[in-house]
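The structure appears right after this line, and notes come after that.
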Protein chains: 2
Amino acid sequence: MQQVAINGYGTIGKRVADAVRQQPDMEVLGVAKTRPNFEAETAIDKGFPLYAAVEERAELFAEAGLEIAGPVEDLVAEADVVVDATPSGIGAQNKALYEEYDTPALYQGGEDADLVDVSFNARSNFEDAVDADHVRVVSCNTTGLSRVIAPLREEYGVEKVRATLVRRGGDPGQSDRGPINDILPNPVTIPSHHGPDVETIFPNLDIDTLGMKVPATLMHMHSLNVTLEEDVDAADVRNLFADESRLFLIPERMDIDGSGKLKEYALDAGRPRGDLWENCLWAESISTEGRDFYCFQGIHQESDVVPENVDAIRAVTGAADAEESIATTDEALGIGLR
Amino acid sequence: MQQVAINGYGTIGKRVADAVRQQPDMEVLGVAKTRPNFEAETAIDKGFPLYAAVEERAELFAEAGLEIAGPVEDLVAEADVVVDATPSGIGAQNKALYEEYDTPALYQGGEDADLVDVSFNARSNFEDAVDADHVRVVSCNTTGLSRVIAPLREEYGVEKVRATLVRRGGDPGQSDRGPINDILPNPVTIPSHHGPDVETIFPNLDIDTLGMKVPATLMHMHSLNVTLEEDVDAADVRNLFADESRLFLIPERMDIDGSGKLKEYALDAGRPRGDLWENCLWAESISTEGRDFYCFQGIHQESDVVPENVDAIRAVTGAADAEESIATTDEALGIGLR
């Protein structure tokens with residue numbers, strides 16, 4: 001059993017902890033947090049040993065009546081692998097700690113690509129991360145783009161990718177974010193950082209991305225164009241995608257018109273927190289015009305990287321190959337909406 | 001002086017009435033409305049003779065204390081040209097009326113292209129509408145796309161256009177519209193109707209459009225890609241666009257990040273109703289990658305077709321050529337933000 005430490009227990013960390021616990025070959029050794037709040041209380045309730053991420057703040061937990069197992073250093077020292085799920089930039093500060101204890105570390109997509117040996121997407125480049133010490137699981141949007149590009153690339157070849165990412169302004173819990181009643185080009189300059197980030201997964205890919213922000217919290221929405229190297233029938237693309245467990249092709253019969261109904265469906269289906277680990281592609285939107293492929297996909301910013309973190313744990317520990325790991329993760333979590 | 005009738009006094013009609021009144025060569029003969037409301041009261045206050053668009057409802061105006069000049073038939077009979085600014089589909093029902101009195105008619109973009117002799121954008125195909133009897137001023141989004149495509153086409157040639165239209169869910173006054181906190185692919189199928197609509201202005205143009213709806217009311221936002229027929233420098237495109245009076249290149253120095261600040265700027269500048277008749281392109285977003293041109297542009301759905309209606313009046317009455325009409329309209333309204 002791999003002993004997994006999770007440093008940072010917010011949006012991503014708490015989901016990764018739950019997902020790791022469900023795996024047959026992993027255990028949550030403990031989770032680390034900077035301060036007590038409702039999430040820290042839930043961690044205790046779930047029986048996750050809680051460590052203080054910042055020693056000077058350890059007494060805050062005691063004041064809140066929350067028992068601390070020790071400082072984060074103890075957790076890192078004992079773990080087989082640490083998943084750093086701290087806010088952007090903090091992962092970079094933590095790297096020295098992981099190196100000190102010689103514990104392989106996964107970072108999230110908010111960190112710079114040059115912090116790590118490998119940027120990771122399970123479907124696209126699992127093998128590159130085998131036995132690596134520092135691996136970055138790319139962001140939700142880059143994960144969502146990579147999962148679509150990988151099969152298209154293998155099957156037809158990709159000449160160029162153009163994507164407009166209409167991004168939610170903030171997560172449902174981020175009450176300090178905007179915009180309200182606005183549509184922001186964001187960044188205003190083109191390309192957005194997402195294109196170069198996808199190139200950390202597919203070097204030499206020709207991709208231009210444009211970003212916006214809108215007053216929504218539930219999911220990102222991608223308007224995707226891929227110019228392929230050959231003329232392709234839309235039905236063939238639909239069949240190709242139907243074989244990908246992490247691409248959910250929303251059937252027309254479900255009458256799902258946007259993120260709201262998608263999330264409601266996930267909650268009705270009993271998904272934890274209503275999470276959508278898969279890219280959600282509208283099957284009707286999958287279209288081709290000659291060599292141009294188009295589709296809309298919804299990307300659940302809070303959860304699509306969760307199975308990728310689980311797979312990255314197996315990659316850095318050499319516990320399984322890509323196919324075996326993805327199948328194990330998918331089965332343990334119940335991935336694969338149809 | 002051209003005597004102009006305006007049938008329909010809502011979002012577009014009231015703006016066209018004000019714009020016509022400001023022209024040196026036109027007069028508002030009267031405006032027609034189906035029922036009394038705040039807009040009808042404002043029309044009276046402004047001194048526009050008010051006609052009853054539906055005879056059976058004429059008494060409603062009397063009950064509301066609003067004086068009616070007569071039935072819409074009288075207005076149409078006396079006018080040199082009628083601007084139909086009624087809701088989508090009503091224009092088609094009104095066509096027989098305009099034919100009965102042999103009055104040339106302009107329709108809005110919500111009507112089918114096959115209702116009319118010509119679909120119209122002043123910058124792109126003014127001459128096609130000269131002396132035509134039935135002309136459709138294309139929709140706000142099609143107008144916005146046409147204004148950008150026309151100069152690119154003339155200067156560099158256009159191989160293909162791909163555009164994602166992130167559309168406001170409803171106008172500020174449309175309190176029954178959605179979505180709230182959602183991003184809808186809309187329509188889910190690709191292409192959206194906008195591409196074929198642009199082809200009514202540029203036959204044989206290769207264009208694919210994708211539509212979304214978001215919880216915003218102020219403006220539409222376009223993510224635009226045009227593959228040109230030659231490699232082009234972004235600075236050259238910026239110079240090309242700077243010569244177009246109806247393209248406002250938002251300078252970086254203005255620190256305008258989205259629709260909200262754009263509208264605030266328009267209100268501060270004293271624009272009536274805060275209208276933005278021009279396409280609003282972020283200068284920083286104007287980019288090229290080889291033959292691929294990209295930009296973001298905001299389109300004010302309530303007003304960008306207003307100057308186009310004014311020009312279409314001159315086209316169908318043969319009162320001026322394109323250059324003269326556009327210059328007259330721009331000067332009278334004060335178009336040309338810099």
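Reminder, nothing fancy here: chain letters follow the sequence lines and each chain counts from 1. Here the structure is a predicted model, which is why all the values come from computation and not from measurement.
Here the closest heavy-atom approach between residue A:M212 and residue B:H222 is recorded as CE-C, 4.2 Å. Taking both residues in full, the closest heavy atoms of B:I190 and A:S285 are given as CD1-O, 3.1 Å, listed atom of the first, atom of the second, then distance.
Using a 4.5 Å cut-off between heavy atoms, B:D257 contacts chain A through both its backbone and its side chain. When heavy atoms are compared at a cutoff of 4.5 Å, B:T227 approaches chain A solely by way of its side chain, counted from C-beta outward. Contact of B:M219 with chain A is made through the backbone alone, with heavy-atom distances under 4.5 Å. Contact annotation for B:V214: only side-chain heavy atoms (C-beta onward) come within less than 4.5 Å of a heavy atom of chain A. Only the side chain of B:K160 comes within contact range of chain A, judged by heavy atoms closer than 4.5 Å.
Shown here is A:E252, whose CD atom has no more than 12 heavy atoms of other residues, nucleotides or ligands within 6.0 Å. Surrounding CD of A:E154 are more than 12 heavy atoms belonging to other residues, nucleotides or ligands, all under 6.0 Å away.
Contact count versus chain B (heavy atoms, under 4.5 Å) is highest, among A:K263, A:K261, A:M221, for A:M221. Here B:T217 is the residue among B:T217, B:T189, B:L262, B:L218 with the most heavy-atom pairs under 4.5 Å with chain A. Per-residue counts of heavy-atom pairs under 4.5 Å with chain A were compared for B:G260, B:P215, B:P187; the largest is that of B:P215.
Here CG of B:N225 is found 8.0 Å from CG of A:L210. Values are rounded to the nearest 0.5 Å.
Contacts from residues 289-307 of chain A to chain B, taken as heavy-atom pairs separated by less than 4.5 Å, involve A:E289, A:D292, A:Y294, A:C295, A:F296 in sequence order. For residues 169-186 of chain A, the interface with chain B (any heavy-atom pair closer than 4.5 Å) comprises A:N181, A:D182, A:I183, A:L184, A:P185, sorted by residue number.
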